[in-house]
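Remarks on the structure that follows.
A quick note: this is a predicted structure, and the numbers were derived from the prediction, not measured. Numbering of ligands and ligand atoms starts at 1, following listing order.
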Amino acid sequence: MLIAIWAQDNQALIGKNNRLPWHLPNDLQFFKNTTTNHTLVMGRKTFEGMGGRPLPKRQTIVLTRDRNYQAENVLVMHSVAEVLDYSEKQAQTTFIAGGSAIYKAFLPYCDKIYRTYINESFVGDAYFPTIDWRQWHLVDRLQGPQDEKNPYEYYYEKYNRNRVD
Ligand code: RAR
């Protein structure tokens, strides 16, 4: 099972200088809870933007074209096919965790998408690729709690891919 997971603003912005454009700790807690004991796939820039260390209790796969790339406690892979092959052999869910180029490459293979939608406009430099909404239907939408540390209107949304026969 392949699931894309991301947080975006209301212009589909997802990143700024390889980091997140906002501070929304509740989303990171959601990301942590959702991906615990599963596999995370991220691009090399996202991995380095997160400090270049894998998060505990989940297998991290870093995708790069650099054949010499190494990092501790992660699997380094070099193609979409390699990740798909690994994912198919796994009972765990594989979460596609960013950034833009990685979402674009894997979206055609995702069964579900988990989007945190922040109803604000931030400044940044990386966007989620265009989604063909005819391919997806909403199965769950929950407004996140707003407080001093999470001062935005935001929603956790889950979509499944439409079945085609
Ligand atoms: N795909 C996503 C992500 C990905 C994402 C991107 C980042 O920067 C580009 C991040 O750095 C800020 C993070 C950070 C995650 C993080 N944790 N995540 C899991 C911590 C803290 C959790 C409260 C952690 C985790 C697991 C164990 C221990 C600590 O800092 C993530 C973000 N959000 C969404 N929706 N999709």
Check: What is the distance from atom CG of N18 to atom CD of E48, rounded to the nearest 0.5 Å?
Finding: 8.0 Å
Next item on the list: Identify the protein heavy atom lying closest to atom 34 (C) of ligand 1, giving its residue, its atom name and the separation to 0.1 Å.
Entry: D27 OD2, 3.4 Å
Item checked: Protein heavy-atom partner closest to atom 12 (C) of ligand 1 - residue, atom, separation in Å -> L20 CD1, 3.7 Å
Margin query: Using only atom types and a distance under 3.5 Å, with no angle test, would you say the side chain of D132 pairs donor to acceptor with the backbone of R134?
Written below: yes
Item checked: Protein contact of atom 17 (N) of ligand 1 - nearest heavy atom, named by residue and atom, plus distance -> L55 CD2, 3.8 Å
Next item on the list: Just jot down the ligand 1 atoms closer than 4.0 angstrom to any heavy atom of A7, in number order.
Entry: 34 (C), 35 (N), 36 (N)
Check: Between D111 and L2, is there a donor-acceptor pair closer than 3.5 Å when you use the side chain of the first and the backbone of the second?
Finding: yes
Note to self: At less than 4.0 angstrom from any non-hydrogen atom of T116, what atoms of ligand 1 do you find?
What the structure shows: 35 (N)
Margin query: Out of K57, R58, R115, who is nearest to atom 26 (C) of ligand 1 when you count heavy atoms only?
Written below: R58
Notebook entry, point to check: Judged by non-hydrogen atoms, does Y103 sit under 4.0 Å from ligand 1?
Noted result: yes
Check: Can you list the ligand 1 atoms lying under 4.0 Å from a non-hydrogen atom of P56?
Finding: 27 (C), 28 (C)
Notebook entry, point to check: Under the criterion ring-ring contact (aromatic ring centres under 6.0 Å, His included), which of W133, W6, Y114 is the partner of Y159?
Noted result: W133
Checklist line | Minimum-distance protein heavy atom relative to atom 5 (C) of ligand 1 | finding: M50 SD, 4.0 Å
Checklist line | Straight-line distance of K158 NZ to I5 CD1, nearest 0.5 Å | finding: 8.5 Å
Checklist line | CZ on F31 to CZ on F95, rounded to 0.5 Å | finding: 9.0 Å
Next item on the list: Give yes or no for whether the N/O distance cutoff of 3.5 Å, strictly under, is met between K32 and ligand 1.
Entry: no
Next item on the list: Measure W6 to ligand 1 on non-hydrogen atoms and call it side chain, backbone, both or neither using the 4.0 Å cut-off.
Entry: backbone
Margin query: Out of all atoms in ligand 1, which are within 4.0 Å of some heavy atom of A97? Include the element for each.
Written below: 1 (N), 4 (C)
Next item on the list: Would you check if the side chain of T46 reaches a backbone N or O of G99 as a donor-acceptor pair within less than 3.5 Å?
Entry: yes
Next item on the list: Could you point out which residue of E82, E88, K89, Q90 forms a side-chain hydrogen bond (donor to acceptor under 3.5 Å, both in side chains) with Y86?
Entry: Q90
Checklist line | Candidate pair Y154 and F30, rule side chain to side chain contact (heavy atoms under 4.5 Å, CB included), full reasoning | finding: CA-CA 12 Å; Y154 62 100; F30 170 80; over 6 Å; no
Next item on the list: Distance to 0.1 Å, residue and atom name: give those for the protein heavy atom nearest to atom 23 (C) of ligand 1.
Entry: Q29 OE1, 3.6 Å
Next item on the list: Kindly give the cluster partners of Y155, where membership spreads through any ILVMFWY side chain lying under 4.5 Å from a current member.
Entry: Y117
Note to self: Give the atom numbers and elements of ligand 1 that come within less than 4.0 Å of a heavy atom of I5.
What the structure shows: 1 (N), 2 (C), 36 (N)
Next item on the list: Return the residue, atom name and 0.1 Å-rounded distance of the protein heavy atom closest to atom 21 (C) of ligand 1.
Entry: L28 CB, 4.6 Å
